[in-house]
Structure formats: structure tokens, C-alpha cells
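Both backbone and side-chain heavy atoms feed into the values below; hydrogens, waters and symmetry mates do not. Below, read A as the first sequence line, B as the second, and so on, with proteins coming before strands; counting in each chain starts at 1.
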Number of protein chains: 2
Amino acid sequence: MEGKANIQDVAKRANVSIATVSRVINNQGGVRKQTEERILKAIQELGYIRNAAARTMKSKDTKTIGVIVPDINNPFFPSVMAGIEQKARETGYFAILSSTNESPVVEQEILKNFIERGVDGVIITTANENGDHLKQVHEQGIPMVAVDRSIQYYDVDTVLVDNVKGSYQAVQHMILQGHEKIAIICGPQNTTPGRERFIGYKKALEDYNLKLDERYIFQGDFGERSGYQGAHQLYSLDDRPTAIFSSNNLMTIGCVKAVGDLDWKLGEEISFFGFDDVDIATFLNPKLSVVSRPMHALGELAFQLLHERIQFKDPVPKREYKLSPELIIRESCRLRYPKNSPDGQSLKK
Amino acid sequence: MEGKANIQDVAKRANVSIATVSRVINNQGGVRKQTEERILKAIQELGYIRNAAARTMKSKDTKTIGVIVPDINNPFFPSVMAGIEQKARETGYFAILSSTNESPVVEQEILKNFIERGVDGVIITTANENGDHLKQVHEQGIPMVAVDRSIQYYDVDTVLVDNVKGSYQAVQHMILQGHEKIAIICGPQNTTPGRERFIGYKKALEDYNLKLDERYIFQGDFGERSGYQGAHQLYSLDDRPTAIFSSNNLMTIGCVKAVGDLDWKLGEEISFFGFDDVDIATFLNPKLSVVSRPMHALGELAFQLLHERIQFKDPVPKREYKLSPELIIRESCRLRYPKNSPDGQSLKK
DNA sequence: TCCTAAAATGTAAACGTTTAGATTTTCTTA
DNA sequence: TAAGAAAATCTAAACGTTTACATTTTAGGA
């Protein structure tokens, strides 16, 4: 039985009971030194590896958390996951990652699978913020933390970035640079970031007495392709915008690609501000201005909140954290007019 | 016991034995229609969710595969994982992902954890190609497939791309464009891609009678920063190269960033070819030429091979697949001389 | 040397499934 | 109607741990 010894075999080899072996495996103390050494030697010789299933059946906690992301190819999520995984490892937890491809049906399957596997908690960026599909997790009393997107139906700890503030400041910046015809490529309005970034956009226009122009609003889906299409649509207008705010990283890539294809002069004919930094931002000429989020820190905070939930099963009220984004002003959003010219004198109401 | 019913509760509610419930849960047939309906109704009413640990203890197969990647922030790996996950889902398997951050120690911990959890197989891009740390997995007889990097110590099915061919063709292209001073930013030489891409580079130089110049060889570590440093070092030479070949995506980003910072005219003073496509490739002016790999297909093939191993435990000899890369010629590697000029006439030996 | 307390170790039930073999029920044919 | 075969269902062991409680061993003090 090479490589497949169980605790009984170890006990026999070391001349002790399985309970004593279990005490040693779990570092529980109460075992004589020489007994412990005999047991460790037996473990080594037999190549014993404990069986997580057996342990789970008895002790109920698996030291595992499940992480669910909607799009693993979006660089935001691997960064968040890196933060989660690092924190998890530091506290003896194991993080398992699964991706839904923005499908609530797949998300439901993954959640059921996680429940079956007895995960101690779940960190989720849900494909459906309504959240009624989370009933089973809720009924099982499994702690959950939502990242980047909220969950309506249940009270779940939530880690966000202040989307309103980030997009407000980005649009404000473009206004203060003299732009009045500012377009937005929106994320899905049934998501927190999609909705809130749109709110920030509108609020900034309102505060500076700028009229909301429906032509300048393109409804994207957070995918690169929709950014591309959005840019094309905006370009096709008779009265083109002079600035674009893109609501996420992938739509930024698509948008900028289209701007290039259309020979729409970035930084001259059209200014640009995107939400979430991207690799290309510093490569373009002009370099892109962006709203930047602390992704690794988001992941760490999410794990920390979840870990607290797992450890203290108190019915503490829901907590919501909004981290501050950071504006990174590069060059893609230049002055529309030189400073102090008459047209540049429009003021915040 | 809301939400926490077990199979015994279901059996009681439906007035059958747990064996009959098990037959229904597992779609094994041999159950009368009306009995089955009663059982399904009881499952529904009680909110029964099966316990994977209990099942694993009895049936030994977990329908889970473990995936190990060295750097989750490298976009290559999420793409491969997307291919794995899609194929896994299609065949009723669950894929769990863990990242080593290029640490063999962490990799060992992850592997042990996977063994404890009874994964049916492992897909790995190892942090240590020597592979002697895989002894435990091997002893447990757990099927394994290596992706992108080989494993020396054990015979493991391997899915690679033809690195030699890809880098050979990229360097050949630059030679045929008239370049003779071609530099390389190498990946780690203890990795298959690092080693083989270097081999392709050398072979192309050799085939066209070009001397290997040590000054033009920079040893990187696949990270962005080393690409940046490599470009700086190459720039600092008295006799600068006229072309650079970068061995992976992140070093490409770093290299191109440095070229920009140095005002080293990309496409004019310095030509460029990178291995693996990157988002920025099509944004730069000039757009980057790259060797492109079918990442999603790599993932799908890796899963397929693993699945075959899991299903048929035959001692089939090790298989190695090398997919063909694709050259994407964009603009970053222009002619050093106009066509038909005397200096452009150098021929392959 | 003996007694008592503390430490060390052992026993056995429990966790929740799956499934081999046993038992019961049903159906068909003579 | 009865007998035999097939179908349906049941029983109970097993998987490998953990741990509450029991038992044994050891150590110290009178």
C-alpha cells in the first residue's frame, strides 16, 4: 500500500492509537516526545497523507474559501485574486477560484458545488446583483463577501471602490479642461459599477450646468468589443463629443482601438479618461488618464472581512467598505481651450 | 434543521431507504416512477444538498482537477485557465486554480493540499522544471499534465507550443528584413520556454551566418521589470542592436516601456518582435509584431489529455504535444534597408 | 512504599454517503 | 391459484478521520 497509508497504518507502525496520531498530526500536544517522534517517523516511512474528506466529515470546517469572478480574462480579477490568495495563505486558508463568464446559471452551479464541498466562505463578484440565486448559500449560513458589485436581496458584506467619486472626478477634470461635449461608455446598468459610474458622470455634468445629451451615452457591457462599438457610434455623430469617459478597462481598450482605427486624434480631437488602469495606458501617445483602483488591497480586505465572519459567527450587521480610487492624470485629456480664454470661464454652479 | 438535511432525512420524508435515495440522486435507475417523485419532492422540501466529503470517502473520485499556475497576473494563464474550465465544465468536472508566484515551496504546499482534497488530476505550469518535488503526486498515482513548461524527473504528458520554431521564425523575419545586430531578452534558462526560445534565436542566427554576440543577450526572468532593464542595458551599448526579440509578454511590456522612456525610436532605430501577443501590441505606433499562441486551445487540450488519463488508467507512454505558434507581422519590425539594396542581399547559408 | 493527581494514551462513536448482497414485492406464465 | 423470475427496495458495512470520555501510566509527596 505504497503511498496510500491511512491513520490506522501509521498508528500500527508507531505502536499507538489513531487518537494519538491525530493529536500529533494536528499539533495538539499532550503527547510524549519519544512517542511523537515514533509517530512522525512512521508518517515519513509510510508516506502518509491525511484525507481531507474524512476530516471534513468530522470537523466540518474545510479551511477553504471559494472565490467567484465573472471574467477571469479581465486583469482586474486576477489582481484581486492575488490579494485574496496571499492573505488566505497567511491565515492557513486555501482559496479556490471559479469563473462564471457573466452567466448567472453557471454561477448557481458553481455556488452549489462550493456548498457541496463545504467551503467555509465565499467571495463573489456576482453575475446577477439581484442575488436571489444566493438563497442556498444563505440558507446554509455560509459567510459571504461581495467585491466590486453589490447584492440586493441579502445583507452581504461588500467591498467596493467609490465609483461615483471616481467617475465624478474624472468627468470633472474633463469639464475643468474646458470640455462640454463629454460622452460616456457605460457598463451594464444592472451592476453597481455600471450604475454608479454613470451616476458620477451625470452628477459632474449637473454640477457644472452641463446638459445631459442622450447622444453621448453609449450602453456597453464591460467587454472590449462594446467599447469599440461605442467609439464608432460616437464618432458617427454629426456633433461629435470632444471627450470620452470609459467605464471599465476592457471597454477602454476597445474604445482606444477604435479611435485609432478611425484616425480620431486622441488628445486633440478627442480627449479620454478611463476607469481602471490598463497596461496600454502608458504606451499610447498621449498616455491615458485613468481612475485607478487598489486591486490587491481590495482582495486583501475582502478576505479579511470574510475571515472575521467565519471566525465569529455573530450576527453583526452588514458592512460596506468603499475604498477611494485614485486619479492618474496623464495626457489623454488635454485642455480644450488655453487657460483664461472666454470660453474656458464656465463655472461650477 | 433548516437547510442542513442529510440523506437520512430525505429517506424518512419519502418513506424509503437511503440506498433508494442515493439511486435517485445519482440517476442510477431501478426506482419506480412514483417512488422517485416522492424522493425528489422530499429533496426539494428539505433543501437537501449532498455532502461531497461523504461521497468522496466512499467513491474516491471527486470530479475535481487542480490547476497550478506560476503567475496569475500574467494574462497567458487566465486565458489557458478559461480553456481548461470550459472543457472541464462540459465533462462534469470542477477546476480549482491556485497560483505559486514562481515559488517551488508554495507549489509543494499547493500540491499537498490538492492531494489531501483528492483531486482526480493536476494541470501544472511548474515553478521548478526539475520536478523532484512532484514525488508525492507521482506516488499517489494522480494523473498530471504539464503546460508550457516540461517536467524532467517524471514522465508527464506535456502541452507546449513549438518555442524553437516561433522564436526562430521571428528572428528569421528580422534577419530577412536586413537586421544583423539582433538582441534577445531571454526568459529563465531553467524553463522550457526560456531555454527553447533562446535556442530558436541562436539557430536562426547560425543559419544566416550571423555571429552570436554576447552583448546582445540579456537574461530576464519573464517579469516586466526585467524587460525594462534589458532594454536599458541594450541601449547603453556603444554598438546598439538594431532589433530586439523579447521572450515573453510581460518582458515585452517592460522593454517597450523602456524604449519609450529612452526615446529609442521603435520601428526606426530599433525593430522589435515579441513572444506572445499583448493588448498593447496593436496600440503602439508602430504596432508590435509578435509570436502568438493559441492559449484557449492549449487549455482545452491540456484538460482533454488529463481527462483521458483519469478515465483510462492505462500505463500509456508519455505524450507531448507541440502546438504551432503563429507569426503576426505588424509594423515594429521594418526593413533595415530598402529591398534590392546590396546590403539586403545576405542569404541563408 | 503507597496514594493521589496529573499526564498520556486508548476506545469507540460519529460524520454522510455509496453499494454489495439480502430481502421483499410484483409480474408473468402454466 | 401457485410458482418462479425479475424488479424494486432494504440492510448494513465501509470509507478515514476527530474527539469525548475512559483507562492506564507516571510522578511527586507524605
Figure out the [atom1]/[atom2] separation between [X] and [N], and round it to whole Å.
{"X": "Asn15(A)", "N": "dT24(D)", "atom1": "CG", "atom2": "C1'", "value": "16 Å"}
{"X": "Gln8(A)", "N": "dA13(C)", "atom1": "CD", "atom2": "C1'", "value": "14 Å"}
{"X": "Lys58(A)", "N": "dT11(C)", "atom1": "NZ", "atom2": "P", "value": "18 Å"}
{"X": "Asn27(B)", "N": "dT19(C)", "atom1": "CG", "atom2": "P", "value": "13 Å"}
{"X": "Glu36(A)", "N": "dA8(C)", "atom1": "CD", "atom2": "P", "value": "11 Å"}
{"X": "Asp9(A)", "N": "dG16(D)", "atom1": "CG", "atom2": "P", "value": "9 Å"}
{"X": "Ile7(A)", "N": "dT17(D)", "atom1": "CD1", "atom2": "C1'", "value": "6 Å"}
{"X": "Asp61(B)", "N": "dT17(C)", "atom1": "CG", "atom2": "C1'", "value": "13 Å"}

*Taking atom CD of Gln44(B) as the centre, report whether more than 12 heavy atoms of other residues, nucleotides or ligands fall under 6.0 Å from it.*
no
_Whether over 12 other heavy atoms sit under 6.0 Å from Tyr153(B) OH_ = no
Is any side-chain nitrogen or oxygen of [X] closer than 4.0 Å to OP1 or OP2 of [N]?
{"X": "Asn26(A)", "N": "dT18(D)", "answer": "yes"}
{"X": "Thr20(A)", "N": "dT9(C)", "answer": "no"}
{"X": "Gln28(A)", "N": "dT19(D)", "answer": "yes"}
{"X": "Thr35(A)", "N": "dT9(C)", "answer": "yes"}
{"X": "Lys4(B)", "N": "dG16(C)", "answer": "no"}
{"X": "Ser22(B)", "N": "dT17(C)", "answer": "no"}
{"X": "Lys60(A)", "N": "dG16(C)", "answer": "yes"}
{"X": "Asn6(B)", "N": "dG16(C)", "answer": "yes"}

*dG10(C), dT18(C), dG16(D): which one has an atom nearest the side-chain heavy atoms of Met57(B)?*
dG16(D)
*Where the side chain of Ser59(A) is concerned, which of dT17(D), dT19(D), dT17(C) is the nearest nucleotide?*
dT19(D)
*Quick one: on DNA chain C, does Ala53(B) or Arg32(B) contact a more 5' nucleotide (nearest heavy atom)?*
Ala53(B)
_Earlier contact from the 5' end, DNA chain C, for Gly29(A) and Ile18(A)_ = Gly29(A)
*Side-chain touch Ile7(B)/Ser22(B), heavy atoms, less than 4.5 angstrom*: yes
*Would you indicate what Ile25(B) reaches in the nucleic acid, counting non-hydrogen atoms under 4.0 angstrom: base, sugar-phosphate, or nothing?*
nothing
*Contact class for Arg50(A) (heavy atom, under 4.0 Å): base, sugar-phosphate, or nothing?*
sugar-phosphate
*Just do the salt bridge (Lys or Arg N to Asp or Glu O under 4.0 Å) check on Asp157(B) and Lys318(B) with the steps written out, would you?*
CA-CA 5 Å; Asp157(B) 289 339; Lys318(B) 161 188 172 177; over 6 Å; no
*Kindly give the heavy-atom pair with the smallest separation between Pro193(A) and Arg149(A), and that separation in Å.*
CD-CG, 3.8 Å
*asked:* Judged by each residue's nearest nucleotide on DNA chain D, which is more toward the 5′ side, Val16(B) or Tyr48(A)?
replied: Val16(B)
*Residues Arg117(B) and Thr64(A): side-chain donor-acceptor under 3.5 angstrom*: yes
